[in-house]
Asker: 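My questions will all concern the structure given below.
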Number of protein chains: 2
Amino acid sequence: MTEKRAKNVTIIEVARLAGVSTATAGRVLGGYGYSSESIRDKVREAAEKLGYRPNLLARGLITGKTQTIGVVAGDMESPFYASVLRGIADVARSRGFGIVVTNSDEILQREREAVQLLTEKQVDGMIVAPSDLQTAQHLREIVAAGCPIVQIDRLVHGLEADAVTVDNVQGAKACIEHVIAAGHRRIGLISELEQFAAGDLKSFIDLEAHGRVDAATLYPSWQRLVGYLQAHREAGIPVELDLVRRVGAYSAEAAKEETLDLLQGNGRPTALFTTDGLMSAGTMDAISELALDLPQDLSIICFDDLEWMRFLRPGISAIAQPLNEMGRTAARLILARINGDTSPFQHQILAPSMRVRGSVAPLKAEGHQGSNRPERRKSAKA
Amino acid sequence: MTEKRAKNVTIIEVARLAGVSTATAGRVLGGYGYSSESIRDKVREAAEKLGYRPNLLARGLITGKTQTIGVVAGDMESPFYASVLRGIADVARSRGFGIVVTNSDEILQREREAVQLLTEKQVDGMIVAPSDLQTAQHLREIVAAGCPIVQIDRLVHGLEADAVTVDNVQGAKACIEHVIAAGHRRIGLISELEQFAAGDLKSFIDLEAHGRVDAATLYPSWQRLVGYLQAHREAGIPVELDLVRRVGAYSAEAAKEETLDLLQGNGRPTALFTTDGLMSAGTMDAISELALDLPQDLSIICFDDLEWMRFLRPGISAIAQPLNEMGRTAARLILARINGDTSPFQHQILAPSMRVRGSVAPLKAEGHQGSNRPERRKSAKA
DNA sequence: TGATACTATGAGAACGTTCGCACAAACAAC
DNA sequence: GTTGTTTGTGCGAACGTTCTCATAGTATCA
């Protein structure tokens with residue numbers, strides 16, 4: 001009954017039935033070259049009757065184009081990548097392209113293997129969220145081999161390729177400015193800050209203070225830290241090192257622990273800034289466990305706008321990244337390159353947007369949260 | 001400088017450099033057939049030196065296998081599909097397979113186009129969340145053409161293919177039983193219930209009451225309704241039609257409206273059951289807008305366990321689907337078929353698990369919510 | 001000793017398309 | 001009327017692999 005290896009009908013059979021050569025049948029069915037109307041009808045009718053479906057492998061082998069985009073995401077299960085992927089998929093579909101997706105889990109070795117697989121599958125181009133922003137030898141190699149790449153979310157130093165990122169510095173800065181405007185002076189930061197290798201937090205902050213940091217090829221969470229620092233500097237508020245919490249792992253559980261430590265210790269901040277969705281979840285978990293009332297006991301603002309922030313009373317203020325747009329833009333860029341665009345490489349920086357809800361409250365002068373520290377007095381000055 | 005179309009090194013050049021035939025080089029590099037150790041070394045060395053990478057298109061063309069799984073998801077941006085996809089991707093990767101993913105948005109025409117594209121790309125098998133559970137002609141065709149399929153989340157009536165689903169009836173029933181055990185008798189249901197065509201809600205409920213409903217090939221939200229009905233019947237509680245809310249669209253906004261209508265009308269239920277993540281979000285939005293306190297003013301339990309249910313006080317009780325596992329199982333099944341497994345088609349039904357948190361409270365006898373209706377009196381009897 | 005494996009290699013076909021070229025007819029331009 | 005350009009068609013090569021088959025050496029076994 002069911003044939004094990006059902007032979008598909010090929011262009012040869014269609015050509016035979018239509019009484020033309022395979023070349024002619026190919027021109028009709030493939031939509032290239034010349035063909036007369038009468039023959040077109042005949043061939044199409046034959047194809048229809050036989051149920052002909054082109055074999056894209058064979059076509060790809062000879063044309064060198066597979067109509068496929070390879071995507072290396074960090075983790076397609078996360079809301080971030082899921083939304084970006086959706087954007088990519090939509091644009092790809094509208095142009096007749098397929099996407100083959102892989103997860104790197106932000107591990108360099110995984111990314112290498114993924115890139116390797118995609119290369120062997122002969123994808124026409126790749127969209128990659130690079131794990132390693134320094135060397136990225138494998139990416140340079142495939143670019144050199146003629147496979148276009150678009151980077152998303154972050155930027156490999158000196159890689160000749162287009163990129164789409166979000167303005168993390170400005171986004172974070174806007175958050176902190178918003179909180180400062182509400183009178184807060186002691187603002188805690190809960191951030192991943194994992195991958196940066198060069199030294200400790202303190203030296204990074206010093207470097208940044210002296211304008212020695214090039215934010216462009218930093219990891220997003222470090223860029224958001226830069227925004228945090230800039231906002232403080234411009235408001236004339238010294239940064240308290242104790243308030244800057246480096247979780248050191250991309251884990252909600254770890255973020256929760258760090259937040260508990262921050263909130264239960266002496267000198268609790270009056271406001272909190274979390275630098276991505278996972279940190280926010282862990283932080284909210286901690287706040288829930290401590291049964292703190294927002295925003296009376298604590299103000300909070302988050303990078304990444306998640307679904308629940310809308311209805312978790314009093315509504316969590318957040319800055320939203322245009323994730324779908326990031327995917328769509330990346331897809332458009334890669335498709336342009338695939339179509340032979342040779343214009344200079346561009347780096348598109350998308351603007352995030354603020355969603356003000358109810359989680360940032362004006363700082364009460366005689367509040368009972370936090371301790372009586374110099375910074376509290378300063379708030380009266382503003 | 002940068003070559004436009006960089007010719008890749010082929011097996012021919014490797015063979016030449018190693019001083020063997022292409023057939024021999026192929027056997028070494030492709031890992032099939034016989035080859036002596038001395039020649040293996042020579043060939044591998046040559047391949048290494050030239051930076052040889054196999055062209056999987058060419059290999060696929062001749063072997064008829066692409067080492068690729070096609071996936072037709074509803075919307076990979078939703079937490080549901082994102083998690084399922086991740087499960088699929090993990091298993092696929094571990095076996096050296098790639099996945100090409102598409103979104104159908106649960107629209108039949110989109111699904112057809114997706115299946116078509118995947119067919120032409122010669123995927124070895126497909127994992128599909130079917131949109132149409134009745135005819136699904138396109139799926140039957142490709143199965144007949146010898147391309148194995150695994151269905152996820154739901155089941156096409158009479159399709160000869162493996163399937164992985166969740167036990168929606170039992171899951172929903174467990175939720176309702178849990179709520180009933182807390183003393184509730186008037187339990188509202190917020191559910192999509194969109195696609196079922198045969199008649200209105202009332203006639204479905206009647207049909208179900210007479211055992212005339214085959215739950216197997218129902219859409220999940222209808223299966224969950226069945227669980228709701230069964231739990232009521234077994235507890236001897238009559239179903240109040242007014243409490244069963246058919247949102248009619250897969251939209252959080254619509255769910256919110258429906259919930260507002262339910263909670264603001266006469267005879268407000270004392271507990272709520274939402275049948276999927278999107279409904280839950282819309283419902284929570286409504287509850288937040290009405291400023292109801294959970295669980296004092298209202299108990300709630302949800303199908304689908306979302307991240308925020310953990311830390312949104314008092315913690316939302318929910319039933320969690322094993323989504324990763326669903327993807328992993330589906331991937332394993334399709335890989336088995338691809339490897340020639342011809343055992344009878346199987347339908348794996350995964351058990352969801354209850355996460356009891358704080359959103360279901362015992363019903364107070366003299367509560368001020370709801371009206372004094374017969375059902376309230378019955379609660380004393382139980 | 002012969003028969004029967006198993007191992008090892010190469011020549012050339014095959015997979016299903018598109019590409020390059022040759023040829024011819026039709027039509028336009030001078 | 002010649003020349004050129006556009007249109008239409010077919011033949012056979014090409015894409016980069018693996019497959020089939022032929023050939024041959026070397027163990028293994030009765």
Side-chain angles (χ1 to χ4, degrees), chain A residues 5-44 46-47 50-68 117 119-124 145-146, chain B residues 5-44 46-47 50-68 117 119-124 145-146:
Chain A
R5 173 106 212 103
K7 288 276 291 174
N8 280 324
V9 355
T10 75
I11 213 167
I12 300 180
E13 301 160 54
V14 174
R16 183 151 42 214
L17 180 59
V20 297
S21 72
T22 62
T24 299
R27 277 186 283 256
V28 174
L29 269 11
Y32 54 91
Y34 293 110
S35 57
S36 66
E37 197 163 340
S38 61
I39 284 219
R40 271 202 292 275
D41 291 344
K42 259 198 303 189
V43 171
R44 278 204 265 260
L50 297 176
Y52 169 78
R53 296 285 165 247
N55 182 328
L56 264 28
L57 287 191
R59 177 179 295 170
L61 181 56
I62 192 160
T63 61
K65 296 287 171 195
T66 51
Q67 305 266 97
T68 302
L117 181 69
T119 307
E120 295 180 358
K121 281 195 185 300
Q122 313 291 122
V123 298
D124 298 333
Chain B
R5 174 103 213 107
K7 289 274 293 176
N8 280 324
V9 356
T10 74
I11 211 166
I12 300 180
E13 301 160 54
V14 174
R16 185 152 39 215
L17 179 59
V20 298
S21 70
T22 62
T24 300
R27 277 186 284 257
V28 174
L29 268 10
Y32 53 92
Y34 292 111
S35 57
S36 66
E37 195 162 342
S38 62
I39 282 222
R40 271 202 292 277
D41 290 345
K42 259 198 303 188
V43 171
R44 279 203 265 260
L50 297 177
Y52 168 78
R53 296 285 164 247
N55 182 326
L56 264 29
L57 286 190
R59 178 179 294 171
L61 181 57
I62 192 160
T63 61
K65 296 287 171 196
T66 52
Q67 304 266 98
T68 303
L117 180 70
T119 307
E120 295 180 358
K121 281 194 184 301
Q122 313 292 122
V123 298
D124 297 333

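What you see is a predicted model; the values in this text were computed from it and never measured. Letters A, B, ... are given to chains in the order of the sequence lines, protein chains preceding strands, and every chain is numbered from 1.
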Asker: Write down the distance between OH (Tyr34(A)) and P (dA26(C)), rounded to a whole number of angstrom.
Answerer: 17 Å
Asker: Taking for each residue the nucleotide of DNA chain C with the nearest heavy atom, is it Ala23(A) or Thr10(A) whose nucleotide lies nearer the 5' end?
Answerer: Thr10(A)
Asker: Can you check the Arg27(B) CZ to dG12(C) P distance for me, whole Å?
Answerer: 15 Å
Asker: OH of Tyr32(A) versus P of dT18(C): gap in Å, rounded?
Answerer: 4 Å
Asker: Grab the OH-C1' distance between Tyr52(A) and dT17(C) for me, whole Å please.
Answerer: 7 Å
Asker: Tell me what Ile39(B) touches on the nucleic acid: a base, only sugar-phosphate, or nothing, going by heavy atoms under 4.0 Å.
Answerer: sugar-phosphate
Asker: Strictly below 4.0 Å: does Ser36(A) bring a side-chain N or O up to OP1 or OP2 of dG8(D)?
Answerer: no
Asker: I need the CG-P distance between Leu61(A) and dA13(D), as an integer number of Å.
Answerer: 17 Å
Asker: Nearest whole angstrom, please: distance from the P of dC19(D) to the CD1 of Ile11(B).
Answerer: 11 Å
Asker: Quick one, Leu29(A) and Val14(A) - any side-chain contact, counting heavy atoms below 4.5 Å?
Answerer: yes
Asker: Which is true for Arg40(B) with a 4.0 Å heavy-atom rule: it touches a base, it touches only sugar-phosphate, or it touches nothing?
Answerer: nothing
Asker: State, with a plain yes or no, whether a side-chain heavy atom of Ile39(A) is found less than 4.5 Å away from one of Arg27(A).
Answerer: no
Asker: Closer than 4.0 Å, any side-chain N/O of Thr24(A) to the OP1 or OP2 of dG10(D)?
Answerer: yes
Asker: I need the CZ-C1' distance between Arg59(A) and dA14(D), as an integer number of Å.
Answerer: 17 Å
Asker: Would you kindly give the CG-to-C1' distance between Leu57(A) and dT17(D), to the nearest whole Å?
Answerer: 12 Å
Asker: Between Glu13(B) (side chain) and Thr10(B) (backbone), is there a donor-acceptor pair under 3.5 Å?
Answerer: yes
Asker: Between the main-chain N or O of Gln122(A) and the side-chain N or O of Thr66(A), is there a donor-acceptor pair closer than 3.5 Å?
Answerer: yes
